[in-house]
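Let me begin by presenting the structure, written as structure tokens, before commenting on it.
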Amino acid sequence: MHQTEAFHQRIDKALHNEQARTSFRSTMSGLMQKRAAQFPDNDELQALRDQARAIRAHALTRQPELLEQLEQKLTANGIRVHWAETAQQANEIIYQILHAADAKTLVKGKSMVSEETELNHYLEQRNIEVLESDLGEFIIQLAHEPPSHIVAPAIHKNVKQVAELFHQFFPELGYTENIDELTLLARQILRDKFANADAGISGVNFAVAETGTLCLVENEGNGRLSTTAPRLHIAITGIEKVVAKLSDIPPLLNILTKSATGQPITTYFNMISRPRQPDEKDGPQAVHLVLLDNQRSSIRMDEELLDTLRCIRCGACINHCPVYVQVGGHAYGTVYPGPIGCVLEPQRLGLEKTGILTSACTMCGACAEVCPVRIPLPKLINRLRAESVNAARSEAHINGKGSLRKLTESQAWAIWRLLYASPRNYRLFRWFATRLRGLTPTRLGAWTRYRSSIKPAPRSLQELAQQEGFDHE
Amino acid sequence: MNELNQKTARDNILARLRNNRMTQSASPAPYLPSYGWSQAEKIQRLSERMQAVRGEVHRMPRTDWVGWLNQELPKRKLHNILLGETANAELFRAQADAALTLHRYDRVIEDWKQDLFKQVDVGITDTLGGIAESGSLILWPTPQEPRLLSLVPPVHIALLEADKIVDNFAQAMHQQHWSEHMPTNALLISGPSKTADIEQTLAYGIHGPKQLIVLILE
């Protein structure tokens, strides 16, 4: 099926899911309010955004040096660093580490990069038990669904659905629709897993080159448990997450948690610089970091599109998107939904596969207004729209350029240009359009699916004005 | 993927990163806000933030905490207490109420992991300081106070010396020269474990401690 048709089918399905739409609406408006409450002083907010933008932009310009410094520091600290160009390579590396350590069971902290590589599926096929330990991720793992939001992955489900899911998988624990009780059930179920897992897998929010430090932001404690209780910890992250200095962290952390969930800070901020040392009594004996490229280095080649890589994955753009709130995360059909998804995924996966996502934007600009690192999302979406219909527009390294070009559409625009570029042609067109208005087609593709067709008036505005005695021109 | 292929992957990625026409962006300005709060204001702010996320805060003279625990722990039916090997831990051990069962985190985790997960009610730790702005505790776990001590027990009691509360995170990093000697693990803890993954409704005690009790020692 063509990507456009598939996308429209997913949207149609999403729009008919009243329950999920209710969840998205209430959650997004709650998150917007909570974020706004964290930034009472607009000047301070703008200054903090400038700071965060500068830190991320600077880190991107120095990315190759910083990655080398990060590797060198981490290695000196005793953390093994691995490089993967593709998702497949990252999965292979992780499997090999697990295999060599004879690790059969693992607990995972939330990691969107591991969603990118479909790591769980890869490992399960190789008989490794993978358990998502973030409550939202745990819920959707039980349901065999992908996340519908990068920060709140199970937000499309209501409490009744979660209760039924828990009851289906853990009937011995009894049925409850009380959120506090469900939370304690999850605690009970996962506690044994933390105590017995051979390995923990986590993402990384920031990787500090200066000190060789991996930073993790979380509320539940599952991230700390996954990175502390098992004997082996493997972190996976995109190469863009590196920042230069430890002093870059406080402002980034500050704006990240406030933008994401409207919290002044999360419960835990976990900074890992070493595996367990000889005199230490706990913590993993081995720590590995997998640095994944997966098209990021290609995105960085374009001076405009590289802004995509400043993203710190707070999800504020998603929370404020009028399209996302209607259709939800699954309609996008990609790992990252919403405005950042519309920008990142077509570049990561190719315009020929996901270029149509750029149509899921009204250009309202809400996302760019809240982005903590000032990514000009609408501008980038517009740029990708142009790339997807015009293969020769730029030299950018994007797969599938021009793949959404339609002959009818490009001919229509060519004719439009012919008519509107010359006054004589335009007047001629106007005369025919008004006199032959009965011949206007009634079906104009998507336009007339939900609207009546456009029919020119019997006389043009200019003609009417002349009749009323206005001067010519 | 073998070592050789990984080296190729590394070289390819770095080559692509170096092969572009990127304009250099300016270094970010240093970020070191200072609010000039008095100690009383810092304590106040930290307490408010902590309480807003259901952290329990008690202020007391620095000589009183052992007595407070001897009184409170039995009352709350918290009997299995895990301590590290710090001076404060020894102080408590010497004076603890006889009704309490004290455990010592003096072995590597592999020797007693199941017991730690199942038998301990409370973990007591020191802190390196506190952050007023966000209501956070700073912990740098040590061999004397291992990482799981503040994580696995359902209740975490943290001792915080009032004069070690700073305005904000940036200040803490700067004053304590973090970048020169990062520990194996550094933590900010701002309340008990929580989640909002079901209907964005806040629920406490998901995986980490269900309760965080901060004793501010003045």
Side-chain angles (χ1 to χ4, degrees), chain A residues 27 30 51 54-55 57-58 61 63-64 82-85 89 92-93 135-136 152 154 158-159 162 179-180 182-184 186-187 190-191 195 210-211 213 219-222 224-225 228-229 239 246-247 250-251 264-265 267-274 277 279-283 293 297 300-301, chain B residues 1 6 9-10 12-14 16-18 20-31 49 53 105 107-109 113-114 117 134 136 143 146-148 151 168-170 173-174 178-179 182-201 203 205-208:
Chain A
T27 305
Q51 183 79 26
I55 290 169
H58 187 65
T61 54
Q63 200 180 8
H82 310 261
W83 302 70
E85 290 191 83
Q89 284 178 3
E92 277 174 28
I93 290 168
L135 179 59
N158 63 21
V159 63
V162 176
I179 290 178
D180 288 325
L182 284 167
T183 302
L184 292 181
R187 179 185 177 97
L190 284 159
R191 211 152 162 84
E210 180 186 27
T211 52
T213 301
N219 280 308
E220 297 187 2
N222 69 308
R224 279 181 71 195
L225 278 164
T228 315
I239 53 170
L246 196 65
S247 58
I265 193 166
T267 302
Y268 302 115
F269 185 58
N270 182 7
M271 309 176 85
I272 297 164
S273 303
R274 269 177 216 92
Q277 299 300 292
D279 58 344
E280 290 171 350
K281 301 189 180 77
D282 60 16
D293 183 344
S297 57
R300 189 171 166 278
M301 297 211 177
Chain B
M1 229 181 134
Q6 278 196 38
R10 177 186 188 278
N12 289 348
I13 293 169
L14 289 173
R16 273 196 298 275
L17 293 176
R18 292 216 159 89
N20 71 357
R21 307 165 297 243
M22 215 163 161
T23 36
Q24 289 294 311
S25 111
S27 284
Y31 175 88
R49 285 288 187 189
V53 288
Y105 202 148
R107 288 148 288 164
V108 291
I109 182 62
K113 206 187 235 180
Q114 300 305 325
F117 272 81
S134 54
S136 312
R147 293 162 71 172
L148 293 171
L151 180 60
N168 55 52
F169 188 20
M173 261 186 186
H174 182 74
W178 284 33
S179 64
M182 280 296 274
T184 300
N185 183 217
L187 296 163
L188 302 187
I189 299 179
S190 314
S193 155
K194 65 180 186 291
T195 182
D197 275 348
I198 305 175
E199 294 191 354
Q200 279 293 301
T201 304
I206 171 74
H207 296 306

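Only a predicted model underlies this, so the values are computations on that prediction, with no experimental measurement involved. To find a chain, count down the sequence lines: A is the first, B the second, and so on, and within it residues start at 1.
In this structure, chain A has heavy atoms under 4.5 Å from both the backbone and the side chain of Lys194(B). Glu220(A) touches chain B through backbone and side chain together, each having a heavy atom under 4.5 Å away. Looking at Arg107(B), the atoms closer than 4.5 Å to chain A (heavy atoms on both sides) all sit in the backbone: N, CA, C or O. Looking at Glu199(B), the atoms closer than 4.5 Å to chain A (heavy atoms on both sides) sit in the backbone and in the side chain alike. Contact annotation for Ala84(A): only backbone heavy atoms (N, CA, C, O) come within less than 4.5 Å of a heavy atom of chain B. Of the atoms belonging to Leu190(A), it is side-chain heavy atoms, and not backbone ones, that fall under 4.5 Å from chain B. If you measure heavy-atom distances from Thr211(A) to chain B, the contacts under 4.5 Å come from the side chain alone. Within the 4.5 angstrom heavy-atom criterion, atoms from both the backbone and the side chain of Met182(B) approach chain A.
Across Ala54(A), Ala195(A), Ser247(A), the residue that shares the most heavy-atom pairs under 4.5 angstrom with chain B is Ala195(A). Per-residue counts of heavy-atom pairs under 4.5 Å with chain A were compared for Gln200(B), Lys113(B), Arg10(B), Arg16(B); the largest is that of Arg10(B). Of all the listed residues (Thr27(A), Val159(A), Asp180(A)), the one sharing the greatest number of non-hydrogen pairs under 4.5 Å with chain B is Val159(A). Ranked by heavy-atom pairs under 4.5 Å with chain A, the list Pro192(B), Ser136(B), Ser193(B) is led by Ser193(B). Taking Ile109(B), Ile198(B), Leu151(B) one by one and counting their heavy-atom pairs under 4.5 Å with chain A, the maximum is reached by Leu151(B). Interface remark: of the candidates Ser190(B), Pro146(B), Gly208(B), Ser190(B) forms the most heavy-atom pairs closer than 4.5 Å to chain A. Most heavy-atom pairs under 4.5 Å with chain A: of the set Ile189(B), Leu14(B), Val108(B), Leu188(B), this distinction falls to Leu188(B).
Thr267(A) OG1 to Arg224(A) CZ: the interatomic distance, rounded to the nearest 0.5 Å, is 10.5 Å.
Asn168(B) places none of its side-chain heavy atoms less than 4.5 Å from the side chain of Pro250(A).
Side chain of Glu85(A) to backbone of Ile13(B): no donor-acceptor contact under 3.5 angstrom is found.
Other residues, nucleotides and ligands contribute more than 12 heavy atoms inside 6.0 Å of the NE2 atom of His58(A).
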